[in-house]
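A short write-up of the structure that comes next.
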Amino acid sequence: MNAENVVVFIVAFHPDSYYDVADSENNMSSQDLLSLTEILIQNNYDVCLESSINNIFILCDKSLENIVINSESHQLVFAEPEDLHKFIADKKHKYAKMLIINANIIGLTKHRIEHIVNLLDMEDEVTLLGVDGYDKLGFTASCSYSHELLACQLDSCNFHNLFKKVPDLEYYFILMSGIYSVANLTDFKQLYSVLSQRENFNLCSKDIYDRFTELFIEYKELIS
C-alpha cells in the first residue's frame, strides 16, 4: 500500500443534526452527545493513523469548534457544513485514492483500511460502500470523486435508494458491512453491546474504550 497517494476525510457534524435530544426524557444530555461525537472522531482518526496513512483531514462543521481532538493542527478543519463538500472537492486532484468516513461510525480497523486501499489498487473503477445495519452509507472509498455520491453519504442515504438519487453512477461497487452508526439512543445501546464482545476489542484502543465506558456507566440504566 502506497500511503502517500491516499487521503482520508473524516467528516463530523454536530449531533443536533442527527440525534433528537427531545425524543425521550431518558435520552442523553447534549454535553454527553458532544463527548460521544468527540470520542468517535478520535477513534476513526486513530485507526487511520495505525494504517500509516498520513494524509488525514478531520472536517467538522463550525458548531463543533470547542471539541478536543488529538491530531496535527492542520488536519482539523472547521467550516460551514456546505463548505465541507468544497474542501474535499478542492483536494480531489492531489491524491489517487480517497476514503471518506462519516465520523459517527465505528467498525473500521487498521487491517480493514489496508484491505480497502488494496482493493482500490486492484481496480481503479471500483467504489467501496460501507453500510451499517440499517443499510445507510457510513463510508465510501474510490479513485474518483462524485459530488452526488458524497452528498448521499453525508446525508446517511440508504444504500437501496442510492441509485434512485444518483442514477448516473457508473462505477463498479463493492458493498462492505460490519460498521455501526451512532445516531440515536438505540444505536448507543448497540454500541455498548458491540464493544462488550471479545471479537470486537480491535475496534478501538483501550484509551478509547475507557472513554466509552465512562458514558456507558453514566447511562447504565438505559443500556442494560
Side-chain angles (χ1 to χ4, degrees), residues 6-15 17-20 23 36-37 40-41 43-44 47-48 51 57-59 61 81-82 84-85 87-89 92 95 97-109 111-191 193-195 197 199-200 202-204:
V6 181
V7 62
V8 177
F9 300 102
I10 301 169
V11 187
F13 296 100
H14 196 284
S17 66
Y18 58 81
Y19 197 120
D20 188 358
D23 184 53
L36 178 60
T37 300
L40 289 165
I41 294 170
N43 186 60
N44 281 304
V47 296
C48 290
S51 305
F57 297 94
I58 306 168
L59 310 182
D61 77 49
E82 59 270 19
L84 299 179
H85 290 257
F87 185 94
I88 295 174
K92 64 181 179 180
Y95 304 96
K97 304 173 185 66
M98 292 191 300
L99 172 59
I100 305 175
I101 302 170
N102 288 11
N104 68 316
I105 69 164
I106 190 169
L108 291 173
T109 63
H111 296 298
R112 194 161 199 204
I113 290 174
E114 290 172 349
H115 177 60
I116 289 169
V117 175
N118 287 335
L119 285 174
L120 295 179
D121 281 335
M122 294 171 58
E123 176 57 71
D124 61 6
E125 294 298 324
V126 71
T127 293
L128 288 86
L129 305 176
V131 296
D132 64 15
Y134 306 103
D135 289 332
K136 292 184 178 180
L137 291 177
F139 73 82
T140 60
S142 68
C143 297
S144 56
Y145 169 80
S146 166
H147 177 80
E148 294 81 6
L149 178 59
L150 176 61
C152 287
Q153 176 186 343
L154 299 186
D155 194 37
S156 297
C157 174
N158 188 291
F159 166 72
H160 300 290
N161 297 327
L162 175 62
F163 298 100
K164 295 178 183 177
K165 292 178 176 288
V166 194
D168 295 332
L169 288 176
E170 298 178 350
Y171 310 114
Y172 171 59
F173 291 96
I174 297 178
L175 203 61
M176 305 187 76
S177 58
I179 61 171
Y180 307 90
S181 299
V182 185
N184 53 46
L185 185 59
T186 299
D187 296 338
F188 185 65
K189 292 178 182 179
Q190 183 184 46
L191 177 66
S193 176
V194 167
L195 294 182
Q197 300 171 35
E199 62 266 29
N200 293 323
N202 64 337
L203 296 186
C204 63

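Here the CG atom belonging to Asn104 is positioned 7.0 Å from the CG atom belonging to Leu40, to the nearest 0.5 angstrom. Here Cys48 contributes atom SG and Ile101 contributes atom CD1; the two are 4.0 Å apart, rounded to the nearest 0.5 Å. The line from CZ of Phe139 to CG of Asn102 is 10.5 Å long, rounded to the nearest 0.5 Å. Here the CD1 atom belonging to Ile174 is positioned 12.0 Å from the OG atom belonging to Ser142, to the nearest 0.5 angstrom. Note that the OG atom of Ser144 and the CE atom of Met98 stand 6.5 Å from one another [nearest 0.5 Å]. Here CG of Leu119 is found 12.0 Å from OG1 of Thr127. Values are rounded to the nearest 0.5 Å.
Two residues are said to be in side-chain contact when any heavy atoms from C-beta on lie closer than 4.5 Å; His111 and Asn202 fail this criterion. Between Ile113 and Val47 there is a side-chain heavy-atom pair separated by less than 4.5 Å. Side-chain contact between Leu154 and His85 is present, with heavy atoms from C-beta onward closer than 4.5 Å. Counting only heavy atoms from C-beta outward, the side chains of Leu36 and Leu191 approach each other to under 4.5 Å. Side chains of Phe9 and Leu84 form no contact here, defined as non-hydrogen atoms less than 4.5 Å apart.
For the pairing with Ile41, the side-chain contact (heavy atoms from CB on, under 4.5 Å) check across Asn43, Asn44, Thr37 returns one residue only, Thr37. Each of Asp121, Val8, Val7 was checked for a side-chain contact (heavy atoms from CB on, under 4.5 Å) with Lys97, and the lone residue meeting it is Asp121.
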> Please walk me through it: do Ile88 and Leu59 pass side chain to side chain contact (heavy atoms under 4.5 Å, CB included)?
Replying inline: CA-CA 9 Å; Ile88 295 174; Leu59 310 182; 3.6 Å; yes
> What's the verdict on side chain to side chain contact (heavy atoms under 4.5 Å, CB included) for Leu120 and Val6, showing C-alpha distance, side-chain angles and the deciding distance?
Replying inline: CA-CA 10 Å; Leu120 295 179; Val6 181; over 6 Å; no
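Taking every heavy atom of both residues into account, Ala141 and Leu99 meet most closely at CB-CD1, 3.9 Å. The two residues Asp135 and His160 come nearest to each other via the heavy atoms OD2-NE2, 2.9 Å. Across every non-hydrogen atom of Cys204 and Leu195, the tightest pair is SG-CD2, 4.3 Å. Pairing each heavy atom of Val131 with each of Ile179, the nearest pair is O-CG1, 3.2 Å. Among all heavy-atom pairs drawn from Tyr134 and Asn158, the shortest one is O-ND2, 3.2 Å. Minimum interatomic distance between Asp61 and His14 (heavy atoms only, all atoms of both residues): OD2-N, 2.8 Å.
Put simply, the side chain of Asp155 never gets that close to the backbone of Ala151: no donor and acceptor are under 3.5 Å apart. Side-chain atoms of Gln197 come within 3.5 Å of backbone N or O of Ser193 as a donor-acceptor pair. A distance-only check finds a donor-acceptor pair linking the side chain of Gln153 to the backbone of Ile100 [under 3.5 Å].
Environment of NZ in Lys165: sparse, with no more than 12 heavy atoms of neighbouring residues, nucleotides or ligands closer than 6.0 Å.
Ring planes of Phe87 and Phe57: perpendicular class, angle over 60° (limits at 30 and 60°).
Under the rule for a ring pair (Phe, Tyr, Trp, His ring centres under 6.0 Å), the partners of Phe188 that lie at least two apart in sequence or sit in another chain are Phe216.
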